[in-house]
Amino acid sequence: MKEIMQGNAAIARGAWEAGVKVAAAYPGTPSSEILKDVADNYPEIYAEWSPNEMVAVQVAAGAALAGARAMASMKHVGMNVAADALMTLAYTGIKGGLMIVIADDPNVHSSQNEQDSRNWARFAKVPMLEPGDAQECYEFTKAAFDISEKFDTPVLLRTVTRIAHADSLVQTGKRVESKMPLGLDPKEATKYVMVPAFVRPRRKAVEERMRKLEAFADKTKINKMEINSKTYGVITSGSAYMYAKEVFPEYSFLKLGMVWPLPKKMIDTFFKEVKKVYIIEELDPFFETEIRAMGYKVFHGKDIIPNMYELSPEIVEAAIKGKTYKAPKVRVKPEDLPRRPPNLCAGCSHRPLFYALKKAGAFVFGDIGCYTLAVAPPISALHTTICMGAGGGMAHGASKAMGKEALGKTVAVLGDSTFLHSGILPLMNAAYNKGNTTTIVLDNRITGMTGHQEHAGTGFTVRGEVANQVDYREIGKAIGVKEANIRYVDPYNIKETMEIVKEEMNKDEASLILCKDSPCMLLRRAKPLERFKSPLYAINMDKCRGCKMCLEINCPAISWKEGAGQTVDGQKRKGTVYINPDQCVGCEVCVQVCKFDAIEPAKK
Amino acid sequence: MKKNEKTTNIFLSGVGGQGAILASNILGEVFIRAGYDVKKAEVHGMAQRGGDVTTHFRYGTKVYSPIIKYGDVDFLLSFELLEALRYINWVKPDGKIIINTQEILPPAVSLGQMEYPQGVPETFKKYFKDNVHVVDGLGIAKSLGNLQAQNVVLVGAFSNFFPKIKESFFVDAIKKLLAPKLHDLNVKAFEAGKKAL
Ligand SMILES: Cc1ncc(C[n+]2csc(CCOP(=O)(O)OP(=O)(O)O)c2C)c(N)n1
Ligand code: SF4
Ligand code: SF4
């Protein structure tokens, strides 16, 4: 029977059936489910959360060199981190099959940029496959390992959010163990030691391999030609194929399952069969640039198809129909409705920490995680987010540029997972280069933003086994932060946190501040609610003056209720606030913000 | 596989934590059992932090796009009033709609900067007349003693739109997706929802 599976689960399934032995990943939407699914369902595969994407690719590459089939998975920007490994692995080749999954996020549902990962394939000179539904996620994954071994190359598998996170039917099969023997051969230095003299022949091998892959692209069933209309045809791939096929089923299609290298003969045949060829692709004009360079006359491409955000059936239809497209009637303008942006959970330790930073008047060099939500009003206390780990380096650079002017005014803030991913080196750099940055690690004991993955600081592996737990304080000491400048704060104590942060910001030396005992609200095993004295707080209507101060912390449990009234001692008010007892967890943050002691413990 | 049936589009909308994802998973199991090709796409990246959750659910003989074309929704199942209104333009003129009466305030409303939209069912009725059904999912779930069952109540109500689909498919799907100790409650919730239309 066919099963309904998420694209990511289908990749995990395909990998298992292909005989994969080692899977490594760093979480990132929309790729995170792949490794979790492997860990939960396929005990034959060794699975790990690596500290970042570079390490994940190195781990997979080592396993492949030892003869095992191996994979690494990541979101699109993860490939930037891992690129240094990929660019040279393309020269050495592999032994056991090696697949790297890169999940793009057109329309930036949950990312810091919208890069099109197909460019990596061309840049690194390696093949890339792009599935269009879960069945193809499964099939292309299996194919990726065969291609990898046949052509001695890493293979990239590109998905997008709408494929990775969409569920559809998959016909599954059985696991087949790889026949390649495991072992390491010390006599292959010319292939695996990339010093210039050995690089040059490998460089040639890369080009020869590319020619062979081009020939393969013309033969493989992964690329599909569907000739219907002789007038109109579409060259496309993945999700874009699904949208175009949906709205113009009568057109002819050349669906590229292998998006690099391109099947030159098939493309030629398609242009001969069909008069007017559209190229419909999400994000960059990747196929279009190549196909135009081959000398073909493309009927329409990026002149009508947007090169940003994601496509959809109506965007494709409107682009092709032009003026004849009739948009559905607008009954209510959605832009008039209140939006529902994500918010930090009630009780999250990031809320008081950022409130303290705001009160301390700090310019916050931020990073990526749940805490990035502190950029939103009314908290508005995070001022940069570029890439993981950037905050520390940028804070140091700004302080070097501004000199004494910056002292006491800036901090770098990042989460525990982000710190281990790429935050240690910037801190080491500040300590080494006589910088004065203050780095705050929001240690909530988990990778919150991407759905609660373990990491080297949580004490557990992806399969829940007890593991070593990084000691952030010892790291700080070892990389040169003076012991006196390594401080703990309890973020739930706003005043004390603010004082410690101010002290450290004013020191002309690098500092490291660690949040203690502040687990993520959703991390059940850490019993995050136990540290709170009362399970619930409520507004004392006799005292509330309706000053709206407590709204400044943006707790989802607190809302404003309009309505004139007065306090017991006769202070007039325009309204009061209300604490939703179903949402309040008793973190006492609002209590510290209220100047009139109007928020009091209550019973659930 | 069912032959030559054109694709039907179901859109689910709600707020993180309401269980809309389980509801769409149930529909997935149901329509597979009924012999259809099924695709469903969720945007749930930030659902845990109180953001909105939408699911595009499609079934037919052969489904291509995982997402529904704007304006082509045949059935809207909304878990929350504002989240129903947000997608009103997506529904076909003859589309059918279930609106759950729960209100969950978004931050701009909590902070007193914007009004929560009033008269959502009436707005829908203006355009869709008798095809609009309002269900007090939370009330029904409460009467069964478990607020968490609201999502399955709504699935029960929604099942009325599909008279050709066997009820046992829904019950089987519920049993497959939920832990055994929750079976009784949720089958009851399904039945109660079914009677609510
Ligand atoms: C290079 C890169 N890899 C992965 C991600 C996805 N990502 C965003 S935030 C984050 C980690 C968040 O964890 P943490 O730093 O512990 O903060 P929390 O969300 O728990 O507050 C990850 C993995 C990314 N944005 N960039
Ligand atoms: S998931 Fe955890 S880290 Fe993220 S907002 Fe909620 S409590 Fe905070
Ligand atoms: S104590 Fe106050 S800030 Fe904390 S969860 Fe309750 S209402 Fe929100």
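To find a chain, count down the sequence lines: A is the first, B the second, and so on, and within it residues start at 1.
- Contact count against chain A (heavy-atom pairs under 4.5 Å) is highest for B:Ile104 among B:Thr7, B:Ile104, B:Val63, B:Ile68.
- Within the 4.5 angstrom heavy-atom criterion, only backbone atoms of A:Asp336 (N, CA, C, O) approach chain B.
- Contacts between A:Pro249 and chain B at a heavy-atom distance below 4.5 Å are absent for every atom of the residue.
- The candidate from A:Arg339, A:Glu3, A:Glu562 with the greatest count of non-hydrogen atom pairs under 4.5 Å with chain B is A:Arg339.
- In this structure, the ring of B:Phe162 has its center less than 6.0 angstrom from the ring center of B:Phe31.
- Interface remark: A:Tyr241 contributes side-chain atoms only to the contact with chain B (heavy atom separation under 4.5 Å).
- The side chain to side chain contact (heavy atoms under 4.5 Å, CB included) test with A:Thr29 is passed by exactly one of A:Thr161, A:Asp105, A:Thr450: A:Thr450.
- Contact of B:Ile32 with chain A is made through the side chain alone, with heavy-atom distances under 4.5 Å.
- Of the listed residues (B:Gln113, B:Lys126, B:Glu83), the one with the most heavy-atom contacts under 4.5 Å to chain A is B:Glu83.
- Ring geometry for B:Phe158 versus B:Phe75: interplanar angle over 60°, hence perpendicular rather than tilted (30 to 60°).
- For the salt bridge (Lys or Arg N to Asp or Glu O under 4.0 Å) criterion with A:Glu246, the lone passing option out of B:Arg58, B:Lys39, B:Lys62 is B:Arg58.
- Comment: B:Lys194 engages B:Glu167 in a salt bridge, judged by a side-chain N to carboxylate O separation of less than 4.0 angstrom.
- Comparing A:Glu317, A:Arg340, A:Lys245 by how many heavy-atom pairs each has under 4.5 Å with chain B, the most go to A:Arg340.
- In this pair, B:Tyr70 and B:Trp90 present their aromatic rings perpendicular. The plane angle is above 60°, beyond the 30 to 60° band.
- For the set A:Pro328, A:Ser312, A:Pro377, the entry with the most heavy-atom pairs within less than 4.5 Å of chain B is A:Pro328.
- Only the backbone of A:Ile558 comes within less than 4.5 Å of a heavy atom in chain B; its side chain stays farther off.
- Heavy-atom neighbours of A:Lys604 NZ from other residues, nucleotides or ligands within 6.0 Å: above the threshold of 12.
- Side chains of B:Gln150 and B:Gln102: a donor-acceptor N/O pair is present below 3.5 angstrom, by distance only.
- When heavy atoms are compared at a cutoff of 4.5 Å, B:Ser24 does not approach chain A at all.
- Using a 4.5 Å cut-off between heavy atoms, A:Val247 contacts chain B through its side chain alone, with no backbone atom that close.
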